[in-house]
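Notes follow once the structure below has been shown.
By convention in this document, chain letters (A, B, ...) are assigned in the order of the sequence lines, proteins followed by strands, and residues within each chain are numbered from 1.
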Protein chains: 2
Amino acid sequence: MRSRAIPEATVARLPIYLRALLDLAETQRALTVSSEELARLAGVNAAKVRKDLSYLGSYGTRGVGYDIEYLLYQITRELGLTQDWPTAIVGIGNLGRALASYKGFSERGFRIDALFDNSSEAVGEEVGGLIVRHLDELKDCVAESGLCIGIIATPPTSAQEVAEHFVDAGIKSILNFAPAMVNVPPDVNVRKVDLSIELQILSFYQQRTQAIAAAREANRRLNLPSA
Amino acid sequence: MRSRAIPEATVARLPIYLRALLDLAETQRALTVSSEELARLAGVNAAKVRKDLSYLGSYGTRGVGYDIEYLLYQITRELGLTQDWPTAIVGIGNLGRALASYKGFSERGFRIDALFDNSSEAVGEEVGGLIVRHLDELKDCVAESGLCIGIIATPPTSAQEVAEHFVDAGIKSILNFAPAMVNVPPDVNVRKVDLSIELQILSFYQQRTQAIAAAREANRRLNLPSA
């Protein structure tokens, strides 16, 4: 199972399916879901859902759909969410503090284990039940406690330096919240979170909403019959 | 041009192309890009890039590719980023403060115009150059200053209430950072930002990295010849 290559684009959609399935199970107490319904919730087409889930060995039952509980099990296992990935945050400003106590992480099984900063104000402070440590302690801390995911929550100008600290400490997975590109060796995975992406998508629809409202208004002024 | 329907999935990819193109233009000073290169940077396939860009009326030139500056112009116009969308944040805790000064927003032309909270500690405080106002003033403020995008940065338990405040004030575009679903009327667009999605994708690759390292270690212990 593990050795079969799952396409990168499919991996990126699994968390979206997971969120939709959890919502169906918890809010609507559903037991099964059709590929059409899951597709609608995830914003893709049904053929893509069926193809994606086939990589997990799930094919659904005609007329019944997919068993939600089993799909949840398969997706969490495939994403490695059944394992524990000790995670560190570097940069304990507003964003780092928000991430340290973000409920959406713990809901998905991610536990923030260590916080680092290099400012004397932050070091020693308690944030979300953890004492902020100095960035110089990162390497020892990784060696001792097996931290394996590093989150960059600094301003953009410090992002590259923090990435280098992570790489030097042996961390292979980095999540970068700073709006800056970082360069790392090829055996290190970096994912970038751009908080403005959804705002840009929203802008597209807001523009369309305003265009329709303007057209309606023009129509009203011209005293034309409404459609 | 405007009236042609662009598929939802294409709209969602435009900000990814925009980010890649800006990086090519600014960091690498490139003037043109092939669909293959843009596809690699955006993590999709080249045929999809060509199809997506064809909705904008861009077809590229064989052997040359796409003109980056013109593509940037087309995408920013299509996403409505050439217009000004006054934006308000409700919930001035750590996340709200981080978003109020997030450089990634201003880089994409989004200006945070107003901050609201309902706690007496936050109201009246200056954050990122703005005075935090009481949530009760939201409706008047929307009417006066034409705020049109609302960001929810509260804990999950307050998200629905804030969404209702936005709807009541006439806001049609909501960005929800709280890990909770909100219900709004059908003429209101809500986009949800789930900060854990990239962490889940990273977990998948971290798991694979560890599996490979474990296999290497087993191989070493068995004293088998390396591949």
Spacing of CG belonging to A:Asn94 relative to CG belonging to B:Leu99, to within rounding of 0.5 Å: 9.5 Å

Criterion side chain to side chain contact (heavy atoms under 4.5 Å, CB included) on A:Gln83 and B:Ser203, from CA distance to verdict: CA-CA 9 Å; A:Gln83 293 176 58; B:Ser203 161; over 6 Å; no

Residues in residues 39-48 of chain B that sit under 4.5 Å from chain A, counting heavy atoms only: B:Lys48

Residue A:Arg108 versus chain B: region with a heavy atom under 4.5 Å: side chain

A:Leu14 side chain reached by B:Gln200 side chain, heavy atoms, under 4.5 Å: no

From B:Ile197 atom CD1 to A:Arg191 atom CZ, the distance as rounded to the nearest 0.5 Å: 10.5 Å

Pair A:Tyr205-B:Val11, side chain to side chain contact (heavy atoms under 4.5 Å, CB included): steps then yes or no: CA-CA 9 Å; A:Tyr205 293 104; B:Val11 172; 4.0 Å; yes

Donor-acceptor contact below 3.5 Å, side chain A:Ser196 vs main chain B:Phe105: no

Contacts of residues 156-167 of chain B with chain A (heavy atom under 4.5 Å): B:Pro156

Contact summary for A:Leu202 and B:Ile149, nearest pair of heavy atoms: CD2-CG2, 3.9 Å

CD/B:Glu8: more than 12 non-hydrogen atoms of other groups inside 6.0 Å: no

B:Glu198 side, atom CD; A:Asp194 side, atom CG - distance, nearest 0.5 Å: 10.0 Å

Qualifying residues under side chain to side chain contact (heavy atoms under 4.5 Å, CB included), relative to B:Glu217, sequence neighbours excluded: B:Arg220, B:Arg221

Atom group of A:Leu195 that falls short of 4.5 Å from chain B, counting heavy atoms: both

Heavy-atom contact with chain A under 4.5 Å, split by part of B:Arg208: neither

Flag, side chain of A:Gln207 to backbone of B:Glu78, donor-acceptor distance under 3.5 Å: yes

Pick from A:Asn189, A:Leu79, A:Thr76 with the largest number of heavy-atom pairs that fall under 4.5 Å of chain B: A:Leu79

Partner chain B: residue of A:Leu81, A:Thr209, A:Leu95, A:Val190 with the largest heavy-atom pair count (under 4.5 Å): A:Leu81

Under 4.5 Å from any heavy atom of chain A - which part of B:Leu18: side chain

Residue pairs passing the side chain to side chain donor-acceptor pair (under 3.5 Å) test where at least one lies in residues 173-188 of chain B, sequence neighbours excluded: A:Gln206-B:Ser173, B:Lys172-B:Asp187

Over all atoms of both residues, closest heavy-atom pair of B:Tyr102 and A:Val193: OH-O, 4.0 Å

Max heavy-atom pair count under 4.5 Å with chain A, selected residue of B:Ala100, B:Gly96, B:Ala98, B:Ala178: B:Ala98

Heavy-atom pair count under 4.5 Å with chain A, highest-scoring of B:Met181, B:Glu107, B:Lys103: B:Met181

Heavy-atom pairs under 4.5 Å with chain B, option from A:Ala180, A:Cys148, A:Ala153 with the top count: A:Cys148

Minimum heavy-atom distance between B:Gly104 and A:Pro179, given as atom pair plus value: N-CG, 3.7 Å

Non-hydrogen atoms of A:Pro15 and B:Ile201 that approach each other most closely: CG-CG1, 3.8 Å

Chain A contact via B:Leu175 - which portion, at a heavy-atom distance below 4.5 Å: both

